[in-house]
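The next block holds one structure in the form of structure tokens; read it before the comments.
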Amino acid sequence: MISKANYFQLAMLTIILILSQGCTPADKFSVSDLTCENLEEPLGVNTLQPRFSWKNSSGRQGATQTAYQILVADDIKKLNENEANLWNSEKINSSLNILIEYAGKPLSAGQLLFWKVRVWDENGKESSWSKSARAGIGLLDGKDWAASYIGYPSEKRFHSSPQLRKRFSPGSAGKKGTYLLHVNSLGYHEIYVNGKKVSDNVLSPAVSQFNKRSQIVTYDVTPFLKGDKNDLIIWLGSGWYTEGLPGVVGNGPVVRAQMEHLYQGTKETVLYTDSSWKGRESEYASFNNQHWGYGGESVTGNRETRDKVLKKPDELSWESVVIAEIPAHQATPQAVEPNSIRETIHPARIEMLNDSILLVDMGKGITGWFDITFPALEEGQQITMVYADHLNTNGDLPNQNQVDKYIASGSGTESFINKFNYRSFQYVKISNLRQVPRLTDIKAHLIHTDFEIASSFECSDEDMNRIHDMVTYTLRCLGIGGYLVDCSHLERLGYGGDGNASTVTAQTMFNLAPLYSNWLQAWGDVIREDGSMPHTAPNPFSAGGGPYWCGFIISASWNIYQHYGDRRILEKYYPVMQQWLGYVDQYSVDGLLKKWPNTEYRNWYLGDWATPEGVGNPNHIDERSVDLVSNCYISVCFDQMQNIALALGKPEEADYYAERRNQLNRTIHDTFFYEEEGIYATGSQIDMIFPMLAGATPDELRERVTDKLIERTANEFGGHLNTGLVGIPVMMEWAAKAHQADFIYSMLKKRSYPGYLYMLEQGATATWEHWNGERSRIHNCYNGVGQWFYQAIGGIRAISGKESYSEFLVDPQIPEGVTWAKTSQMTSFGKIAVHWELHDKKMTMEVEVPVGSIARLIPPKGTTAIQVDNEAIAVSNDPLLLSSGKYFVEYSL
């Protein structure tokens, strides 16, 4: 709560700022960044009550939105106050600009909307209208479909990468209006109209739990139509729709698609998939080379042959398709951005190992596609490409089951590029190639979901910058397919533990509201009737983990609410959270959760994971540590459930979870604390820190436990990190709250094993799966460190219960040796920026606060005087409150 003195201070400061400045055009509100369901101009949202958001900006300090007006119409020509035929909200007195729910005339599936907004400031002055935006309602139910699932038959029922074709006329209205194509593929797809690819999307759709759900992607194909005769080709790839995975029927992709013409509020179905379509086998095919079936790609023939289907399709042979019988499941519009190519690089070097094998080093690890134009090849010559993210000590590639093949035509442009699969690699060994290609003839394309980079960090210590940048890049390599994978080559699984470990970091660094919405949908789909959860979502097979993995449904939901203000997420998954906690109760003994059984869809029972070997001997399988870590996490879940219940207006349930947490914390302390030694459980870093973070450590013991932690780290762990996947984010959150910046900084500065600088010294360009580099070297194990750069050194911290950074702390924690830091973070309200510098006995700080937010500045210890924009402010124990605007703050120390 803000005290009366704080409010008075903020009000007086705002009045002074307004009176001291004139109102110029730059000071007026501007409205931008319009989104619907957190997506920019989505063509198929998964709701009949879409929500609208925008950002306000002003050059004036203290600017505040006090009202808004939204117009929605079914035709952009009607988007004015007199003709907006779907919704004219009129002027609504409200400061809200995030996820405003549509409240106009009832909407229908497949409908296209146009909308815009204007706002009023604290002086009653209105802004100009925003630019118009559009949004579409997706196909929400089976009754919305006339189409059937179709596929192209082969020896294994369906070919793995077929092309399906239909010639069509756009209808009597010609090209007037908008033509939307809704595509529901089981497996990947690409769409071509009249020989042109209709979007930059690749590897669409996002993954889903196929026995429960498939995804629908909607395209605007209007610009690609030509008169009465048009050609539509849907190119399919198996992707995750591969035999052996849940819900997969047959061994190959199928699709249903439906094109609809929208014009002046009317809707007409122009075409849909049925038995009249034709198909052919493409020059691409998939083959399996690992037990979970992601496999490799084989490409036959030169580029000219492969392009013929787009340039001269009538010269090819087309056969009948078949109707596919697909079990009933939910088909829902995709709620996340597509994947696309986000960066392209050329090799750092090429080495010829012998007369027919060469090694390509891309210079850094990358997730995406390999692209090569070969020197002259002979007909039938087969080129094999093997990929890995690092080299063994003997200089060879470890076996990571990443293989592709090219079979040459002997003429034309011989080239290979992935299409319906992807790789995670730095090195490529190319076999049976007798000439060295030019560096410019080889590329690697970084692919990830189209989320925006939403933050920046830089400080005076280049070591910290290198660690931060490595984490940022790693998450870009892992955010593919509408979720965060553990590693993008060996497993490609959405582990809840890896997710929990990196959620705060990832949501700070990127705008991931749609990605987490999509991922949580998968978690809602995989819960079992008894409340049991697997360790991954989607859940194709049994995978290892523990409670910290299963509880992702709670923690990720709360964090997405904290970061993006999405209350609907909480409403949707609160029953699922309760169901899982009921399962936890079934395996609790004397108030503590104990090990539950393995199942066909879940394996192991872990506390922490991937701890370093030989550093204080942290034994993550020690039952004391496993039980302590698991129950501390359940305590965190109870705390989050209390907050979720309060946000949902359920005070009695909030009280219930608060009491459950208090009881559990007392039991944790009584069971695991060894009074004489002053340690919890095994005394490892996570065992010492997690009880403090969870609130199980009594206040009077916190200083003693902290001192013991620091002592043990120095004396028994050699000043190194002694923790793993779970412990890293737990440690970083605790350290930011406890102002233990020097403790973290000292460990991050270690260049020897284990540590981040050790990875970098060994040539890492992304974080590893294990501290010693085993298995994957592009992995989501240790990325939880990223949040510390923003929360501690940068000083930007969220306040629990103040969603979307409507209020936030500015509290830089300055380790000895760091002299400046520049940090920015894009929130739902706009950009927060903090740039501080030390000058002898002064600290200067530039602070930017977005419209709709309040910053709480915590003065550094030892502050003797404060100035804001050269105006003296009384030194107080209370935070200094700043409303929207840019400020220059100076502390005398």
Side-chain angles (χ1 to χ4, degrees), residues 207 294 339 364-368 389-390 400 422-425 446-449 451 467-510 512 515-516 518-520 522-523 534-539 543-546 548-552 555-556 559-560 604 606 608-612 620 721 723-733 754 756 759 764-789:
V207 299
Y294 304 133
N339 300 311
K364 66 177 181 178
I366 193 167
T367 294
D389 59 14
H390 67 281
Q400 295 187 329
Y422 62 88
R423 299 297 171 209
S424 209
F425 64 99
L446 172 66
I447 293 174
H448 64 71
T449 299
F451 47 75
I467 296 171
H468 167 273
D469 293 349
M470 178 172 63
V471 169
T472 303
Y473 181 70
T474 304
L475 290 170
R476 292 181 68 200
C477 288
L478 300 177
I480 186 169
Y483 68 131
L484 290 179
V485 299
D486 63 325
C487 58
S488 38
H489 41 351
L490 299 179
E491 297 186 66
R492 301 185 184 179
L493 295 179
Y495 278 96
D498 304 55
N500 268 338
S502 62
T503 287
V504 174
T505 291
Q507 291 184 354
T508 299
M509 291 180 166
F510 309 98
L512 296 181
L515 184 144
Y516 271 79
N518 179 73
W519 197 6
L520 283 166
W523 281 93
H535 296 139
T536 71
N539 178 220
Y548 187 78
W549 282 248
C550 305
F552 183 82
S555 298
N559 279 308
I560 198 173
W604 300 355
L606 299 174
D608 201 358
W609 171 245
T611 55
H620 65 263
L721 294 163
T723 189
L725 177 151
V726 181
I728 290 294
V730 166
M731 178 185 291
M732 300 307 152
E733 183 179 352
Y756 296 92
M759 293 184 194
T765 58
T767 55
W768 298 348
E769 180 175 7
H770 294 277
W771 292 112
N772 60 9
E774 288 182 359
R775 280 177 44 101
S776 168
R777 295 199 182 180
I778 306 177
H779 206 280
N780 203 11
C781 251
Y782 304 127
N783 295 306
V785 69
Q787 67 192 69
W788 182 79
F789 297 108

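Worth saying up front: this structure is predicted, and the values here are computed from it rather than measured.
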What side-chain donor-acceptor pairs closer than 3.5 Å can you find for residues 475-484, not counting sequence neighbours?
unit_1, atom_1, unit_2, atom_2, d
R476, NE, H448, NE2, 3.4
Y483, OH, R492, O, 2.6

- Note on the structure: The side-chain hydrogen bond (donor to acceptor under 3.5 Å, both in side chains) partners of H468 (sequence neighbours excluded) come to Y790
- Item | Validation row: L606, W549 side chains within 4.5 angstrom (heavy atoms) | yes
- Message: Between N559 and T503, does the side-chain hydrogen bond (donor to acceptor under 3.5 Å, both in side chains) criterion hold? Intermediate values first, please.
- Response: CA-CA 8 Å; N559 279 308; T503 287; 5.3 Å; no
- Go through the steps to decide whether V471 and M509 satisfy the test side-chain contact (heavy atoms from CB on, under 4.5 Å), and finish with yes or no. CA-CA 10 Å; V471 169; M509 291 180 166; 3.9 Å; yes
- Query: Hey, are the side chains of H779 and D486 touching, using non-hydrogen atoms and a 4.5 Å cut-off?
  - Reply: yes
- Going through the checks in order, is the side-chain contact (heavy atoms from CB on, under 4.5 Å) test met by R777 and Q400? CA-CA 11 Å; R777 295 199 182 180; Q400 295 187 329; over 6 Å; no
- Message: I'd like to check E733 versus V504 (side-chain heavy atoms, cut-off strictly below 4.5 Å). Are they in contact?
- Response: no
- Could you walk me through whether L520 and F552 pass the side-chain contact (heavy atoms from CB on, under 4.5 Å) test, one step at a time? CA-CA 9 Å; L520 283 166; F552 183 82; 4.2 Å; yes
- Task: State, yes or no, whether a side-chain contact exists between I728 and L721 at a heavy-atom distance under 4.5 Å.
- Result: yes
- On a heavy-atom basis, the closest approach of G499 and N780 is N-ND2, 4.4 Å
- Item | Residue pair Y422 / N339, side-chain heavy-atom distance below 4.5 Å | no
- Query: Would a 4.5 Å heavy-atom cut-off, applied to side chains only, mark W609 and Y548 as touching?
  - Reply: no
- Query: Can you list the steps and then say if Y495 with T536 is a side-chain contact (heavy atoms from CB on, under 4.5 Å)?
  - Reply: CA-CA 4 Å; Y495 278 96; T536 71; 3.5 Å; yes
- Message: In terms of relative ring orientation, are Y782 and Y756 parallel, tilted or perpendicular, with 30° and 60° separating the classes?
- Response: perpendicular
- Report the distance from atom CG of D389 to atom CH2 of W768, rounding to the nearest 0.5 Å. 10.5 Å
- The single option from T505, T767, D498 that satisfies side chain to side chain donor-acceptor pair (under 3.5 Å) with N783 is T767
